[in-house]
Amino acid sequence: MQESIDSKKYFSTELLEWYERSKRDLPWRRQRDPYYIWVSEIMLQQTRVDTVIPYFQRFIERFPTLNDLAEAPEEEVLKCWEGLGYYSRARNLQAAARQVVERHGGVVPANKADVAALKGVGPYTTGAILSIAFNQPEPAVDGNVMRVLSRYFLIRDDIMKTGTRTLMEELAAGLIPRGRAADFNQALMELGALVCTPKSPQCLVCPVMAHCAARIEGAEDILPVKSKAKPPRPEYRLVALVEGDGEHAGRVLVRRRPDAGLLARMWELPHIPAAAVAGEGAGLPDGPAMDRLAAGLAAAGVAAEPVEAFMDAEHTFSHIHWNLRVFRFREAEDSSVSSGLGAGLAAAEASAAYESDPVAVETTTAEDSAEYRWITPEDMEELAFPNVFLRILKQYAPLWK
DNA sequence: AATGCGGGGAA
DNA sequence: TTCCCAGCATT
């Protein structure tokens with residue numbers, strides 16, 4: 001066991017020394033403001049540092065203090081998060097900021113129970129905030145840390161299992177040098193990001209290579225053990241890009257998604273599921289599809305005539321792969337009834353769902369009081385769209401007038 | 001314990 | 001193109 005203790009001591013000491021030399025200059029490392037640390041940690045969930053940096057800068061510029069965030073309209077927070085993904089992070093972050101204002105006078109709490117109680121803050125982020133912002137000796141075990149520890153200590157447990165994270169937390173807690181929690185936890189993650197990478201780890205420049213058990217065994221390439229996620233299921237959808245006419249000239253029809261579920265409360269172009277297509281890779285249906293879309297729009301209070309099939313788009317979420325076919329429509333003279341918008345496409349949605357899955361129709365029928373709007377390009381600056389619709393609208397931009 | 005929830009970068 | 005990355009909430 002003496003061997004193990006020495007190996008741990010060596011690990012922590014060498015790692016800290018390496019971090020002092022190698023740490024990156026990141027925007028949220030320039031001061032130790034708990035609010036900044038918190039925002040950065042939420043953004044960094046499932047997201048690389050390079051992607052986060054510009055978002056972090058804009059976010060802090062727009063919401064410099066926790067109070068600013070708490071008081072802002074939710075749409076502005078979502079707009080600031082547009083393109084970053086996992087939008088419940090943004091909504092939870094703001095809800096938690098309001099929590100802090102109400103329960104803690106606007107000051108980020110410095111104890112475990114209160115931090116862990118914040119919306120969107122789980123075991124990892126709790127540890128990250130307490131250690132990085134307050135230098136408290138709490139472990140912060142993310143994917144980087146599990147990869148580093150699984151290799152250095154030759155741990156073959158599947159890191160996708162809940163129990164493995166608990167094990168790693170206990171191990172990580174015991175490695176934190178007294179008084180150095182902030183630097184040590186960041187050092188661990190930095191090593192995982194820069195040296196002990198998922199593929200082709202840079203062992204030759206690793207500060208702890210000499211005692212890395214996986215390296216000694218030649219097992220660094222097969223660790224960590226990780227069960228694979230299910231592949232995303234394909235989904236085919238028909239999208240309507242409706243150009244307004246008359247009082248809606250120069251505008252395009254968009255709608256806001258429901259309060260919960262996929263892309264909650266984000267804006268999008270109207271779309272309905274395509275009926276299931278027989279055969280593998282048969283692609284999207286064409287002629288009848290456009291008619292169904294038109295019928296849906298008509299029932300929604302928008303009379304529109306098809307112009308052309310505009311483009312195809314694909315987008316992969318973690319669990320769904322969207323195949324989209326976008327049709328341009330032109331609003332017809334006498335439409336423009338703005339009350340009653342919504343019911344039509346909801347019906348189309350239900351009927352299409354029935355074609356592809358008769359059993360599921362009950363679940364998709366009733367709801368949908370979706371909010372529809374005719375927007376100008378300038379309105380895009382205020383409404384948050386998922387990337388896939390941004391791509392479509394960007395393609396359309398030259399024609400939008 | 002299993003599932004829902006985005007998007008980007010590297011091979 | 002295809003593959004890989006992976007915290008938190010909910011059920």
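Atom set for the values below is all heavy atoms of this structure, side chains included, hydrogens, waters and symmetry mates excluded. Keep in mind that what you see is a predicted model, and the values were worked out from it rather than measured. Below, read A as the first sequence line, B as the second, and so on, with proteins coming before strands; counting in each chain starts at 1.
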What's the [atom1]-[atom2] distance between [X] and [N], to the nearest Å?
X: A:Arg391; N: B:dG6; atom1: CZ; atom2: P; result: 14 Å
X: A:Met189; N: C:dA6; atom1: CE; atom2: P; result: 12 Å
X: A:Trp81; N: C:dC8; atom1: CH2; atom2: C1'; result: 13 Å
X: A:Arg233; N: B:dG6; atom1: CZ; atom2: P; result: 13 Å
X: A:Ile129; N: C:dC8; atom1: CD1; atom2: C1'; result: 13 Å
X: A:Leu194; N: B:dA10; atom1: CG; atom2: P; result: 13 Å
X: A:Lys119; N: C:dA9; atom1: NZ; atom2: P; result: 9 Å
X: A:Lys161; N: C:dG7; atom1: NZ; atom2: P; result: 18 Å

Are side-chain heavy atoms of [X] and [Y] found at a separation under 4.5 Å?
X: A:Trp28; Y: A:Glu41; result: no
X: A:Leu167; Y: A:Leu171; result: no
X: A:Tyr86; Y: A:Gln45; result: no

Reckon [X] has a side-chain N or O less than 4.0 Å from the OP1 or OP2 of [N]?
X: A:His319; N: B:dC5; result: yes
X: A:Thr125; N: C:dG7; result: no
X: A:Tyr86; N: C:dA9; result: no
X: A:Asn387; N: B:dG8; result: yes

Between A:Arg89 and A:Gln46, do the side chains contain a donor N or O and an acceptor N or O under 3.5 Å apart? no
If you measure from the Lys or Arg side-chain nitrogens to the Asp or Glu carboxylate oxygens, is any gap between A:Arg330 and A:Glu305 under 4.0 Å?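 Looking at A:Arg330 and A:Glu305, the cut-off is not met.
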Could you tell me whether A:Arg256 and A:Glu75 make a salt bridge, using a distance below 4.0 angstrom between a side-chain N and a carboxylate O?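 Salt bridge between A:Arg256 and A:Glu75, a charged N being under 4.0 Å from a carboxylate O: no.
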With nearest nucleotides of DNA chain B determined for A:Arg89 and A:Ser200 from heavy-atom distances, which residue corresponds to the more 5′ nucleotide?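 Final value for this comparison: A:Arg89.
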Between A:Arg165 and A:Pro198, which residue's closest nucleotide on DNA chain C lies nearer the 5′ terminus? A:Pro198
Please tell me which of the listed nucleotides, C:dC4, C:dC8, B:dG8, lies nearest to the side chain of A:Lys199?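 When the side chain of A:Lys199 is considered, C:dC4 is the closest of C:dC4, C:dC8, B:dG8.
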Out of B:dG7, C:dG7, B:dA1, whichever nucleotide has its closest atom nearest the side chain of A:Pro386: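 Closest nucleotide to the A:Pro386 side chain: B:dG7.
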Hey, does [X] reach any base, or is it just sugar-phosphate, or nothing, if we go heavy atoms under 4.0 Å?
X: A:Val121; answer: sugar-phosphate
X: A:Ser318; answer: base
X: A:Leu263; answer: sugar-phosphate

Give a yes or no on this: more than 12 heavy atoms of other residues, nucleotides or ligands lie within 6.0 Å of atom CD of A:Glu20.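 Enclosed: over 12 neighbouring heavy atoms sit under 6.0 Å from CD of A:Glu20.
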What are the residues of residues 135-149 of chain A, sorted by number, that bring a heavy atom to within less than 4.0 Å of DNA chain C?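 Per residue number, the list reads A:Asp142, A:Gly143, A:Asn144, A:Arg147.
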Quiz question: going by heavy-atom distance under 3.5 Å, is there a donor-acceptor pair between the base of B:dG6 and the side chain of A:Gln46?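 No pair found.
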Give a yes or no answer on whether the side chain of A:Arg58 reaches the backbone of A:Cys80 with a donor-acceptor pair at less than 3.5 Å. no
